[in-house]
Amino acid sequence: MESHENIDPQVQARMAAEAFSVDVDGYEGPLDILLTLARTQKVDMRRISVLALAVQYLAFVEEAKKLRLELAADYLVMAAWLAFLKSRLLLPKDDEDEGPSGEELAAHLAFQLERLEAMRDVAARLMARDQLGRDFFARGIPEDVTRNRKITYKASVLDLMQAYAQIRTKENFKPLHLDEREDVFSMEQALERMKTLIGHAIEWGTLQQFLPDGWQHNPKLRRSATASTFAAMLELVKEGKLDLRQSDMFAPIEVKRKEL
Amino acid sequence: MSETPHESLFEAPPMAEQERMIEAILFASAEPQSKKQLEDRVPHGCDVSEALVHLRKRYDGRGVALIKVGEGYAFRTAPDLGFLMQKESVEVRKLSRAAIETLAIIAYHQPVTRAEIEEIRGVSVSRGTVDLLLDLEWIKLGRRRMTPGRPVTLVVTQLFLDHFGLETPKDLPGVKELRDAGLLDNRPPPSAIPGVISEDGEVDMGQSEEDEDQDDMFE
Amino acid sequence: MSETPHESLFEAPPMAEQERMIEAILFASAEPQSKKQLEDRVPHGCDVSEALVHLRKRYDGRGVALIKVGEGYAFRTAPDLGFLMQKESVEVRKLSRAAIETLAIIAYHQPVTRAEIEEIRGVSVSRGTVDLLLDLEWIKLGRRRMTPGRPVTLVVTQLFLDHFGLETPKDLPGVKELRDAGLLDNRPPPSAIPGVISEDGEVDMGQSEEDEDQDDMFE
């Protein structure tokens, strides 16, 4: 960004006059225009005549209207406000008036303009600094840190003993698993069995009919087989191979091959 | 709990060796490393601060320099040799005037709310401008201001400092003069000064800290 | 730097300056640079070879070294400091219950087959559990059992004995001692209902003993 400081003030003024009469787009809002106009006064921003500035700005808005330029709303808001400020600065102070005086408002506007100009100046100085990747450089071949994560496991003899004790305790109080397993008709078994049987289930039949031989009479065995066979049937319904129905609560569950 | 296996329970290596280690680590990383990060990587008991002082001195006047960036340390080529580096230079994105000014305002006034930036520039800050600066990781969101609406603030990042070769935001050009002139004061406008018409067309009366669409914008 | 060396059409910059230039270029380049490439980048008249010799000497014994890679030159971390570029993190984890139980059974019953372990635990032993213990070198494969299928057996290792501070596996306290030590609870666990989890993780009816951490850990 070039700084306006280095340009001859007269040239600057002429540029400004030309600029604002034709090109509103080039401005970044009313404050920007005010700053441009203020520079034409060729005085320290602190001693700017806000009144003169207001007059200049209003003239600018008039000019724009003549040229039928579409002015954004905030330019017009600023114009209205400056007209108000102008009247405040010109008319004798009315004691009835509430709010800040014309001088206070003018002082703040001057402060805003000075601040904006200062920010533009330092922005230019900032951008003129040496920049990384343009004037100075970082390491071209950075080496990444390779992360080696090593996991070690921790266990003590006590952990070992407790774990073993736990297993043995369990074992002391139950018979060998293999015996127990004989009392259980697993879902896999039921599923295997059902898969071979569904082909024959053309008509509705009850679930009981599908229990394996030898599992119907002992209540313990029957419960296990019923549960697993039912679960297997649900699985097959889910697969779309079976239909299942029950006419009433506690009525027999009936099953039939799904028609394809 | 992680433990580095090379951690010695006995003695830190001699200072010359510590210096070599810091040198190797900083050479290997493109990003600045904080003292804390360095301490985590060198053997236990090393005096990173002292090693850095030695190292900085050693590179004084060399083709690369050890610089401080915010909390971090990094090697960078000496700025006077930039002319040799055309091959290395990456096309720096040309920033718009709005982006440059917004960046400067954030740097000099940080932490600063969007409403305050608008009050200073006299125009609304477009979302694209802020997004661009966030994208570049030159700015980031700071704490919310404890004022009505709890607006979020913007601050510059370590990457910003690194990019412009600044050790701290205090090294920004002209920052002292601006402060002495009162131009960095947060001076609220007397009421009845027209504010900025923000992007959605609503007039923000300038004096208010709150900025409803700010939350929308940053969340 | 008052004098910018590249402006002089007649004299090459002093050797110290040439050295700085090469240093900066090699630091910032993404690839090793050949002498030819370096010559193209430094001011006319520079003696790149000599500057490289000086530079190499300057970095001798430092944390980074100037090395030759094929035809090119580059800075690299000194070989003895390579460990700084690796972050070793050691994470200590507790063995899962499945692993500790399996390990205990192997220690108490060795040599033992996998089927026997499953029989004793009442749940299947996941492959991950055995692999982990093999990885840790706490167990190893023993002789094959001379039974149908010739199943392989598992035994504990010397490393296991070392880790647990045992001289021989016989040092492990027996069931009676466990009970005397109060480690054996005489009440049956409330969930001591038989159940088997089949190898593929599907649950049989009546299952009670879940093995969650095993699955979490190894899948």
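Lettering follows sequence order; numbering is per chain, from 1. Values below: every heavy atom of this structure, side chains too, minus hydrogens, waters and symmetry copies. The structure displayed is predicted, hence computed values, not measured ones.
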For A/Ile141 and C/Ala74, work out which heavy atoms get closest and say how close.
-> CD1-CB, 4.4 Å

Pairs in or reaching into residues 244-253 of chain A: which pass side chain to side chain donor-acceptor pair (under 3.5 Å), with residues at least two apart or in two chains?
-> A/Arg245-A/Glu254

Where is the tightest heavy-atom contact between C/Leu95 and A/Ala155, given as atom of each residue plus distance?
-> CD1-CB, 4.0 Å

By ring-ring contact (aromatic ring centres under 6.0 Å, His included) - contacts of C/Phe164 (at least two apart) = C/Trp138, C/Phe160

Could you tell me whether C/Gln110 atom CD has more than 12 heavy atoms of other residues or ligands within 6.0 Å of it?
-> yes

Distance in Å, C/Glu101 CD paired with A/Asp159 CG, rounded so as to fall on 0.5 Å steps = 11.5 Å

Nearest-0.5 Å distance, OH of residue A/Tyr164 to CD1 of residue C/Ile120 | 6.0 Å

Apply the test ring pair (Phe, Tyr, Trp, His ring centres under 6.0 Å) to residues A/Tyr153 and C/His163: give CA-CA distance (whole Å), side-chain angles for both, the deciding distance (0.1 Å), then the verdict.
-> CA-CA 11 Å; A/Tyr153 287 90; C/His163 183 94; over 10 Å; no

Side chain / backbone / both / neither for C/Ile100 at chain A, heavy atoms under 4.5 Å | both

With a 4.5 angstrom heavy-atom cut-off, which part of A/Ala138 approaches chain C: side chain, backbone, both or neither?
-> backbone

Might you confirm whether atom CD of A/Glu239 has over 12 heavy atoms from other residues, nucleotides or ligands at distances under 6.0 Å?
-> yes

C/Lys140, NZ atom: more than 12 neighbouring heavy atoms under 6.0 Å | no

Please name the pair of heavy atoms, one in A/Arg139 and one in C/Leu26, separated by the smallest distance, quoted to 0.1 Å.
-> NH1-O, 3.6 Å

